[in-house]
Protein chains: 2
Amino acid sequence: MKTNSESFHSILNNVAKHITLTAAEKKFFCSLLRVKKLRKRQYLLQAGDVSRFEQFINTGALRAYYLDEKGHERIVQFGLEGWWIGDMASFFSGLPATLTIEAMEESELFQIERNDFDVLLDKVPKFERFFRILLSNAHIAHQRRLVSHLTGSAQERYLELLAKYPAFEQRIPLRHIASYLGVTPEFLSRMRKRLTKKK
Amino acid sequence: MKTNSESFHSILNNVAKHITLTAAEKKFFCSLLRVKKLRKRQYLLQAGDVSRFEQFINTGALRAYYLDEKGHERIVQFGLEGWWIGDMASFFSGLPATLTIEAMEESELFQIERNDFDVLLDKVPKFERFFRILLSNAHIAHQRRLVSHLTGSAQERYLELLAKYPAFEQRIPLRHIASYLGVTPEFLSRMRKRLTKKK
DNA sequence: AAATTCCATTGATGTAGGTCAAGGAGATCA
DNA sequence: TGATCTCCTTGACCTACATCAATGGAATTT
């Protein structure tokens, strides 16, 4: 665990988006965090294990996916610097996780453990609000994504994704983007070709 | 507002699934509820309005949907007796709702108003836990549904839906089920034909 | 009871996206 | 240095699902 306060800059900024903390509260919050480093391809969480942590991504890139019956990965979320990632269901319920989370690049995370989380909410109730907003945002994001699957074509979804996160195109391998969009790598490859031709 | 305690039986049962209340707390909780009756086709909430209530369905059936750019309805949730329904995002944030919610049958709901909701959480903190579980369950349900769109065929999704909620087949009109599944009514009609033939 | 509207069904045809198989370019390793 | 592996691309063919148009029955209005 680091004590260098500078390193928590990013997570404090993130929290400050929704609630305002005193200096003492910031210090307390940071004291509950632990730093976790992951190598490329390393698991943060495997389906079946209980997720004891929620985490904030300081640097790096991760992906969270389900495995379907045929063993295919279905990516439900990417995570980059400044995002929270975890299996909230498992974290809150204590039941085994259904998601697997894996680093796509070398990454550095800040983790908060389940017990410390309860302590935090107890001592600084503002965090109730913070995490409810986080959960509610995640909920809305899923709802929107579901609708874009009900409504639009794969190409529309791909363009939406690129518009929202232009960095993805360079940074995230094709097959992972395909899995996120719900198409085969072959089809995404063709789509890209079609799109570059049109220019 | 009703005071007949018998009528709140269903919602108290629902709450009891996750937290245990004293008699006094039950009474207090019920005192914050108001009864809302809806005719068939009546709106509970229209996109653009702020959702001031969350609601529990005592009797009846509702549907919650987005309108896409072309004006098509995309159903994201059904609600039957014993379920909660609302636009949580709008309820918590105070921003305009993105969902429209409409009664498919004559329905009776119990509503809790946003201010009363805060009072409730303040006086009976157990409800923090209750609503976090609710939100987290909704989140998981959406995640699963998203995955079933990424993974499976419309027929698989239809069969899953029927397996989970056999009542839907008789009770909910074909075009609404089609919208929920993300297919055209024509295609769902053909699917049903195919499925009945197979028997 | 007729008129009107809404809705499920069916047919004909078109298209987005899947599957399978092969080849090639970059990494990683011996 | 070549050998193996992983990943992207491309081609040929197939299928799930959409679109459009027509029909008839059920429900709602007059």
Side-chain angles (χ1 to χ4, degrees), chain A residues 39-42 61 63 65 68-75 78 102-106 145-162 168-198, chain B residues 39-42 61 63 65 68-75 78 102-106 145-162 168-198:
Chain A
R39 292 273 158 78
K40 198 171 172 171
R41 301 219 160 174
Q42 195 178 334
R63 64 199 180 95
Y65 56 90
D68 70 18
E69 328 75 48
K70 293 166 202 152
H72 290 144
E73 297 174 0
R74 300 296 168 173
I75 296 180
F78 290 119
E102 193 184 315
M104 295 187 294
E105 306 173 0
E106 206 163 320
R145 216 176 131 207
L146 184 58
V147 170
S148 85
H149 274 268
L150 294 173
T151 304
S153 65
Q155 181 164 317
E156 283 166 351
R157 270 176 272 140
Y158 179 56
L159 293 174
E160 274 172 33
L161 184 71
L162 290 190
F168 278 22
E169 192 162 15
Q170 335 299 331
R171 193 162 171 190
I172 297 184
L174 178 141
R175 85 209 110 98
H176 290 154
I177 295 185
S179 163
Y180 181 88
L181 295 174
V183 299
T184 57
E186 292 94 329
F187 188 68
L188 177 54
S189 175
R190 282 176 235 266
M191 250 174 52
R192 278 189 171 169
K193 196 179 170 191
R194 224 189 303 141
L195 288 168
T196 51
K197 267 188 186 168
K198 274 192 182 165
Chain B
R39 293 272 158 79
K40 198 172 171 170
R41 301 220 159 172
Q42 197 179 331
R63 63 198 180 97
Y65 56 90
D68 69 19
E69 328 75 47
K70 293 166 202 151
H72 291 144
E73 296 174 0
R74 300 297 168 172
I75 297 180
F78 291 119
E102 193 185 313
M104 294 189 293
E105 305 173 1
E106 208 164 317
R145 218 177 129 208
L146 184 58
V147 170
S148 86
H149 275 268
L150 292 174
T151 303
S153 66
Q155 180 162 320
E156 283 167 351
R157 271 175 272 142
Y158 180 58
L159 293 174
E160 273 172 34
L161 185 70
L162 290 189
F168 279 21
E169 191 161 17
Q170 337 296 332
R171 194 163 171 189
I172 297 183
L174 178 141
R175 87 209 106 97
H176 290 154
I177 295 185
S179 162
Y180 181 89
L181 294 176
V183 298
T184 57
E186 291 95 329
F187 187 69
L188 177 54
S189 176
R190 283 176 234 265
M191 249 174 52
R192 278 190 172 168
K193 197 180 170 190
R194 225 188 302 142
L195 287 169
T196 51
K197 268 187 185 170
K198 275 190 182 168

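Sequence lines set the chain letters: A, B, ... in the order given, protein chains first and strands last, and positions in each chain run from 1.
Contacts of A/Arg192 classified as side-chain hydrogen bond (donor to acceptor under 3.5 Å, both in side chains), with partners at least two apart in sequence or in another chain: A/Tyr158. Residues that satisfy the side chain to side chain contact (heavy atoms under 4.5 Å, CB included) test with B/Arg157, not counting sequence neighbours, are B/Ser148, B/His149, B/Ala154, B/Leu181.
Residue contacts shown for A/Arg192 are absent, as no nucleic acid heavy atom lies under 4.0 Å away. Residue-level contact check: B/Gly152 touches neither bases nor backbone, having no heavy atom under 4.0 Å from any strand. Using a 4.0 Å heavy-atom distance criterion, B/Arg175 is classed as a sugar-phosphate-only contact.
Partner B/Glu105 forms a side-chain hydrogen bond (donor to acceptor under 3.5 Å, both in side chains) with one of B/Lys40, B/Arg171, B/Arg41 and no other, that one being B/Arg171. When each of B/Arg175, B/His176, B/Arg63 is paired with B/Glu73, the side-chain hydrogen bond (donor to acceptor under 3.5 Å, both in side chains) condition holds for B/Arg63 and for no other.
Summarising the geometry, atom CE belonging to B/Met191 is positioned 6.5 Å from atom CG belonging to B/Leu159; distances are rounded to the nearest 0.5 Å.
What separates CZ of A/Phe187 from C1' of C/dT15 is a distance of 10 Å, to the nearest Å. Residue B/Arg194 contributes atom CZ, which lies 13 Å from atom P of C/dT10 at whole-angstrom precision. The nearest whole Å value for the distance from the NE2 atom in B/His176 to the C1' atom in C/dC7 is 11 Å. The CZ-C1' distance, from B/Arg190 to C/dG11, rounds to 7 Å in whole Å. Taking atom CD of residue A/Glu156 and atom P of nucleotide D/dA18, one finds them 14 Å apart after rounding to whole Å. Here the C1' atom of nucleotide D/dC8 and the CE atom of A/Met191 are 15 Å apart, to the nearest Å. For the pair B/Gln155 CD and C/dG18 P, the computed distance is 18 Å after rounding to whole Å. Atom-to-atom, OH of A/Tyr158 to P of C/dG17 comes out at 14 Å; the value is rounded to the nearest Å.
Between C/dT9 and B/Lys193, no contact under 4.0 Å exists linking OP1 or OP2 to a side-chain N or O. Remark: B/Thr184 is in phosphate contact with D/dA18, judged by side-chain N or O atoms under 4.0 Å from OP1 or OP2.
Using five terminal pairs a side, the axes of the helix from C/dT4-D/dA27 to C/dA30-D/dT1 at its two ends make an angle of 50°, given in steps of 10 degrees.
Taking the side chain as every heavy atom from C-beta outward, A/Leu150 and B/His72 never approach each other to under 4.5 Å. Within the 4.5 Å cutoff, the side chain of B/Arg74 has no heavy atoms near those of the B/Tyr65 side chain.
Residues A/Pro185 and B/Glu186 both approach DNA chain D. Their nearest nucleotides, taken by heavy-atom distance, put A/Pro185 toward the 5′ side.
Each of D/dC8, C/dG18, D/dC17 was ranked by its minimum atom distance to the side chain of A/Val183; first place goes to C/dG18.
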